[in-house]
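As structure tokens, the structure follows; a few thoughts come after it.
What you are looking at is a predicted structure, and each value in this text was computed from that prediction instead of being measured. Below, read A as the first sequence line, B as the second, and so on, with proteins coming before strands; counting in each chain starts at 1. The figures that follow rest on heavy atoms only: side chains count, while hydrogens, waters and symmetry mates do not.
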Amino acid sequence: MQARFMQLLLNPNAIYVVVSEILDQGRNFGRAAPNSGPRVQVEFVSANPTGPLHVGHGRGAAYGATVADLLEAAGYEIEREYYVNDAGRQMNILAASVWLRYLEELGAELTFPSNGYQGHYIRDIAHRLVVDHQNRFEHPVTAVFADLPADEPQGGDKDQYIDAVIERAQQLLGDDYEFVFSAGLDSILGDIREDLSEFGVDYQVWFSERSLTRSGDVDTALNILESKGHLYEQDGNIWFRSTAFGDDKDRVVKRANGQTTYFASDIAYHMNKFDRGFDQVINIWGADHHGYITRVKAAISALGYDPERLIVKLVQFAILYRGEERVQMSTRSGSFVTLRELRDEVGKDACRFFYVTRKSEQHMDFDLELAKSESKDNPIYYIQYAHARVCSVLRKLEAEGLRWDQASGIASLALLDSEAEKDIITKLSRYPEVLTSAALNHEPHQLANYLKELASDYHTWYNGHKMLIDEVDLRNARLTLSVAVRQVIANGLELLGASAPEQM
RNA sequence: GCGCUCGUAGCUCAACCGGAUAGAGCAACGGCCUUCUAAGCCGUAGGUUGCAGGUUCGAGUCCUGCCGGGCGCGCCA
């Protein structure tokens, strides 16, 4: 930085140096040396594996993946992790739902619990169970529903009812209950994994909540809190005195029936994270979880770790629009738009780009029509088109039997001395700092906006200057700058999870 | 009710941990195709940064109050 600054003072041609740096370094231009920075874990999405991901998860996925990729490009050693909430009541409801649909597949006639999972994907899982295991899990309907309390439509309590169904399933299935449970979990988790992978989001670690109980981490964490005097008993429950660390109220970690709470798992999970030696732990949560930040940080402090090392980024939900019309979504009624449907309709590149083009904590409107449109109105197409345009010119060049001479182009860069050209070159030289700033501030939109500007500058310049001209030196200079722009756009698009097409 | 968060052009958003006349893109209006992709380019117009105070040499940015939107306030996960 210092050196280049000196060069700028001493030599007006120094601004051109960046062009050859870009061409020399290619994909690595703007990147720091790999693993030269802190070791950081980024945990994101972590949606309950009770159904497919929807568009709300999509924003967290795109944001988390991009922040992780940006930090990695900035030299951080990154571990991407998905926390699998595979313990708890919701998962049992899933297992019971699968089982009942399985019985229906075998011909049983029954009334599905009002609190069960209604989605069609449950039937698909049940169907596979029948195909693979025939009637192995079958029990007479009379035995299944004998002496159960009333469901809500019959004037009962839907929660009590579904709990009774779960208990009955466990009684009748015995060891096979775990099998049905796993069939549901594995199927949905597999679907989520595939969905994310197709979205360009891949994890190093899938961390199971149940493993925390099995490994004894939950007990260990509670024992540590106990030994430090942060727990107390009241009404038969064990409470964590989180108010001592700024929380509004104390929190139960173990119920009177001996069951630990989800929060206890969370305490153990964060202890586990810190014990793995990360310099920094980044949690990306939906905005509806903001109330948990205080208590989790309280637990981290109580365990003796520095809560400053935990960074929680909240992501607001996106509201889908189809043109003017708002797309209604309701998870309960099952009328939600899945991430897969969104990808199918809009395409991965536009999805990834649109999601991160706004600050994460900002509410955003996601316009499906705009994301799909193939015009300059659509920023992702606009940027990709700048890239394709350069490729197109090079193809045309070749078709005319000409060659791009890079060395000649570099040597002739000083011919590009208009303000527009210098602006483009200056903008190119800013790329590394934009990348670093976007990474360290966890603000991918900085890079997205930069790419829009660069593409705009390039389109403007391109429109006013013909590339394929007879003057060889000037032609090579223009092509060289074009290729440098193409490289930086490709680098930026890669970090945003979008492709850089050679033709459109 | 309490807490968190957001409020910037008609619309969607920027503004580099307070710094100079608050910037883009859509939409609107006016131009540019015998020429490498018009999937593009140029120009014009558009703002009392929700409101009212305060701190500061300086506030979209920090503080207080109010108004409005979103979210949260389980021995659910």
Give me the distance, rounded to whole Å, that separates C17(B) from G30(B) when you measure between the C1' atoms they each carry. 43 Å

Across the strands shown, which category fits His445(A) at heavy-atom distances under 4.0 angstrom: base, sugar-phosphate, nothing? sugar-phosphate

Would you say a side-chain N or O of Arg251(A) is under 4.0 Å from OP1 or OP2 of C73(B)? no

Taking the P atom in each of G60(B) and C2(B), what is the distance between them to the nearest angstrom? 29 Å

Would you mind classifying the nucleic acid contact of Tyr462(A) as base, sugar-phosphate or nothing, using non-hydrogen atoms under 4.0 angstrom? base

Would you please confirm or rule out a distance under 4.0 Å between OP1 or OP2 of A15(B) and any side-chain N or O of Lys359(A)? yes

Without swapping roles, check the side chain of Glu421(A) against the backbone of Asp417(A) for a donor-acceptor pair under 3.5 Å. yes

Checking all strands, does Ser392(A) fall into the base, sugar-phosphate, or nothing category for heavy-atom contacts under 4.0 angstrom? base

Considering only the C1' atoms, how many Å lie between A9(B) and A22(B), rounded to the nearest integer? 11 Å

Between His459(A) and Tyr382(A), what is the ring plane arrangement, given parallel below 30°, perpendicular above 60°, and tilted in between? tilted

Taking only Lys NZ, Arg NE, NH1 and NH2, and the carboxylate oxygens of Asp or Glu, determine whether Arg475(A) and Glu400(A) approach each other closer than 4.0 Å. no

Between C36(B), G72(B), A39(B), which nucleotide has the shortest distance from any of its atoms to the side chain of Met504(A)? A39(B)

Please state the P separation for the pair A27(B) and U64(B) - nearest whole angstrom. 41 Å

Tyr203(A) (side chain) donor-acceptor with Arg193(A) (main chain) under 3.5 angstrom: no

Judged by nearest nucleotide, the residue sitting upstream toward the 5' end of RNA chain B, Glu209(A) or Val393(A), is Val393(A)

Could you tell me whether Glu400(A) contacts a base, only the sugar-phosphate backbone, or nothing, with contacts defined as non-hydrogen atoms closer than 4.0 Å? nothing

Please classify C67(B) as syn or anti, treating any glycosidic angle within 90° of 0 as syn. anti

Please confirm whether the shortest side-chain N or O distance from Arg358(A) to OP1 or OP2 of C13(B) is below 4.0 Å. yes

Is the Phe240(A) ring parallel, tilted or perpendicular to the Phe263(A) ring (thresholds 30°, 60°)? tilted

Tell me if the side-chain of His289(A) makes a donor-acceptor pair with the base of G72(B), cut-off 3.5 Å, by modelled atom types. no

I want to verify a distance call: between C41(B), U5(B), C36(B), whose nearest atom is closest to the Lys466(A) side chain? C36(B)

P-based separation of G70(B) from U12(B) [nearest Å]: 15 Å

Under 4.0 Å between any heavy atoms, over every strand shown, what does Lys254(A) touch: base, sugar-phosphate, or nothing? Just pick one. nothing

Side-chain N or O of Arg389(A) versus OP1/OP2 of A38(B): is the shortest distance under 4.0 Å? yes

Look at the side chain of Ser97(A) and the backbone N and O of Tyr117(A), then say whether any donor-acceptor pair between them is shorter than 3.5 Å. yes

Between C76(B), G72(B), C41(B), which nucleotide gets closest to the side-chain atoms of Gln90(A)? C76(B)

With rounding to the closest Å, how many angstrom separate the C1' atoms on G68(B) and U55(B)? 26 Å

Using a 4.0 Å heavy-atom cut-off, does Lys396(A) contact any base of the nucleic acid, only the sugar-phosphate backbone, or nothing at all? sugar-phosphate

For Ala287(A) and for Gln446(A), find the nucleotide of RNA chain B with the closest heavy atom, then tell me which residue's nucleotide is more 5'. Gln446(A)

Look at Glu43(A) together with Lys273(A) and state whether they make a salt bridge at an N to O cut-off of under 4.0 Å. yes

Could you tell me how far A38(B) sits from C29(B) if I compare only their P atoms? Round to whole Å. 24 Å

Mind checking if His290(A) touches a base, just sugar-phosphate, or nothing, with heavy atoms under 4.0 Å? base

Can you tell me if Thr460(A) touches the phosphate of C42(B), counting only side-chain N or O atoms and a distance under 4.0 Å to OP1 or OP2? yes

Heavy atoms under 4.0 Å, any strand shown: does Asn449(A) hit a base, just sugar-phosphate, or nothing? sugar-phosphate

Please report the distance separating the C1' of A24(B) from the corresponding atom of G47(B), rounded so that it comes out in whole Å. 14 Å

